[in-house]
Amino acid sequence: MPELPEVEIARRTLVRWFEGRELVRTEATKTRTFRSGTAAPFAKLKGPLTKADRRGKYLMLQFGDEGLMAHLGMTGKFVKRSPGVDEPYSRARFVLDTGEVIHFRDPRLFGEILATKSELLGELPGVKKLGRDPLVDGLDWHQLKDAIGKTKLDLKVALMDQTRLAGLGNIHAAEALFRAGLHPGRKAKSLSDTEWKALARAIHKSLEFGLSEQDGEEIEYVEEPGVENPFLIYGRAGTPCRKCKTKVKSYTQGGRTTHFCPKCQSKKRKP
DNA sequence: ACCGCTGTTCTCCG
DNA sequence: TCGGAGAACAGCGG
């Protein structure tokens, strides 16, 4: 259920898994995962992983001239398994020269894989429309203001609009707003420069935190019983705010649940 | 049994 | 053209 940090970790993990290895063959199960394009280019993939890029929540892998776009959707993830071990909800498989298999596992099928010529990866719809990526392109407060400062959208909705800014999802948009002390329902165009600066910093902090949280040998997003919610505001409705103890509230915004602290994130503009 | 969900895209409407 | 709401995709867990 990935946002930028999880996708970036997936990218790094894939690079590690492919290091010094060759892709021997691919296998695809016929599902919605391959909803665009044709099967032929996917079947052709082989050899060393020559490039692994990420833009927003999209992964773009290259095996020489042949490329692969992968989007994890809500429940997609890559896992590496020993030969012969089957993986529930495996939608695509990458067999390495060691015999190990990297599975694209995706129960809900919101994710997508598309193979095409490497040079066409950047032209794919979805990829092409992406806005600035805070890690790949950098994001200072001027750039942030340029990206979302003109829209009438609610601030949180604007932050999640992948065509304006690529990579933030429901969690990290909420986290960044909490760190910046901004109400998610503020209009994006109403921010003061002080607030833009705070928000730009907060975005970087949230993403950094996400990256540090997720770093590990295996990409693992599964919530385990007893493991505490690592986020400052996301998923904390009804519990005391970590900063001020005020009861955290939530409401629906752009079809998604937004969590915020009414005291720390007042609607009042800070000049 | 019903609801919600770390996402995207589409449609319908004003 | 923009923005808002709702649906669709599909499985699982509370």
Side-chain angles (χ1 to χ4, degrees), chain A residues 1-11 29-36 54-59 69-78 87-91 104-114 124-131 133-134 148-178 184-190 203 206-215 219-238 250-259:
Chain A
M1 318 95 164
E3 300 185 17
L4 185 154
E6 293 84 348
V7 179
E8 174 61 18
I9 295 298
R11 187 190 69 79
T29 307
K30 194 167 168 44
T31 62
R32 268 177 49 77
T33 302
F34 295 88
R35 62 177 80 81
S36 320
R54 178 195 56 75
R55 189 165 183 82
K57 302 169 192 171
Y58 287 82
L59 284 170
M69 176 282 279
H71 191 294
L72 306 181
M74 292 272 267
T75 55
K77 73 175 189 178
F78 288 101
E87 176 68 21
Y89 304 109
S90 172
R91 312 303 189 183
F104 180 76
R105 174 201 151 99
D106 185 15
R108 289 178 70 185
L109 296 171
F110 286 9
E112 181 173 3
I113 285 178
L114 170 66
L124 295 173
V127 176
K128 193 165 190 179
K129 286 186 296 188
L130 290 174
D133 181 296
I148 63 172
K150 292 188 184 73
T151 176
K152 292 175 185 164
L153 292 171
D154 283 3
L155 193 46
K156 170 157 173 287
V157 176
L159 285 174
M160 288 194 295
D161 182 341
Q162 302 300 302
T163 69
R164 300 173 199 273
L165 213 55
L168 295 182
N170 202 28
I171 290 182
H172 289 288
E175 294 290 292
L177 289 169
F178 177 72
R186 283 281 299 279
K187 293 300 169 188
K189 57 189 288 191
S190 79
I203 289 171
S206 297
L207 294 178
E208 263 168 45
F209 175 76
L211 282 168
S212 67
E213 270 293 294
Q214 301 284 338
D215 219 348
I219 315 161
E220 194 55 71
Y221 323 120
V222 182
E223 296 209 11
E224 291 163 43
V227 174
E228 206 204 329
N229 172 4
F231 302 111
L232 297 174
I233 195 74
Y234 178 81
R236 295 194 181 277
S250 70
Y251 70 113
T252 300
Q253 198 179 21
R256 315 297 300 280
T257 302
T258 293
H259 306 262

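Labels below follow one simple rule: chain letters A, B, ... track the order of the sequence lines, proteins then strands, and each chain is numbered from 1.
Remark: A:F104 pairs with A:F78 by the ring pair (Phe, Tyr, Trp, His ring centres under 6.0 Å) rule, at least two apart or across chains. Among residues two or more places apart in sequence or in another chain, the salt bridge (charged side-chain N to carboxylate O under 4.0 Å, His left out) test is passed with A:K128 by A:E123. With sequence neighbours excluded, the residues forming a salt bridge (charged side-chain N to carboxylate O under 4.0 Å, His left out) with A:R35 are A:E112, listed by chain and number. Scanning for salt bridge (charged side-chain N to carboxylate O under 4.0 Å, His left out) contacts around A:R105 gives A:E87, with sequence neighbours left out. Listed by chain and residue number, A:D154, A:K156, A:V157, A:P184, A:Y251, A:T258 satisfy the side chain to side chain contact (heavy atoms under 4.5 Å, CB included) test with A:Q253 (two or more places apart in sequence, or in another chain). In this view, A:R236 satisfies the side chain to side chain donor-acceptor pair (under 3.5 Å) rule with no residue, not counting sequence neighbours. Annotation: salt bridge (charged side-chain N to carboxylate O under 4.0 Å, His left out) contacts of A:K152 (sequence neighbours excluded): none.
Comparing B:dC2 with C:dA7, their P atoms sit 16 Å apart, to the nearest whole Å. B:dC3 and C:dG6: their P atoms are spaced 14 Å apart (whole Å).
Contact check of residues 158-169 of chain A against DNA chain B (heavy atom, cut-off under 4.0 Å) returns A:Q162, A:G169.
Nucleotide B:dC5 holds its C1' atom 12 Å from the CD atom of A:E3, rounded to whole Å. Taking atom CG on A:L59 and atom P on B:dG7, their separation rounds to 15 Å, with Å as the unit. Taking atom OH on A:Y251 and atom P on B:dG4, their separation rounds to 17 Å, with Å as the unit. Separating the NE2 atom of A:H172 from the C1' atom of B:dC5 is a distance of 15 Å, rounded to the nearest angstrom. Between the CG atom of A:N229 and the P atom of C:dG13 there is a distance of 19 Å, given to the nearest Å.
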> Going 5' to 3' along nucleotides 5-12 of chain C, which nucleotides have protein heavy atoms under 4.0 Å from the base (write B), which only from the sugar-phosphate (write S), and which from neither (write -)?
Replying inline: ----BBBS
> Can you give the dot-bracket line for DNA chain B, where a pair is Watson-Crick or G-U wobble with both atom distances under 3.5 Å, crossing pairs use [ ], and | marks a partner on another strand?
Replying inline: .||||.||||||||
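Residues in residues 163-172 of chain A take part in these salt bridge (Lys or Arg N to Asp or Glu O under 4.0 Å) pairs, two or more places apart or across chains: A:D161-A:R164.
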Please list, pair by pair, any protein nitrogen or oxygen found under 3.5 Å from a nitrogen or oxygen in nucleotides 11-14 of chain B.
none

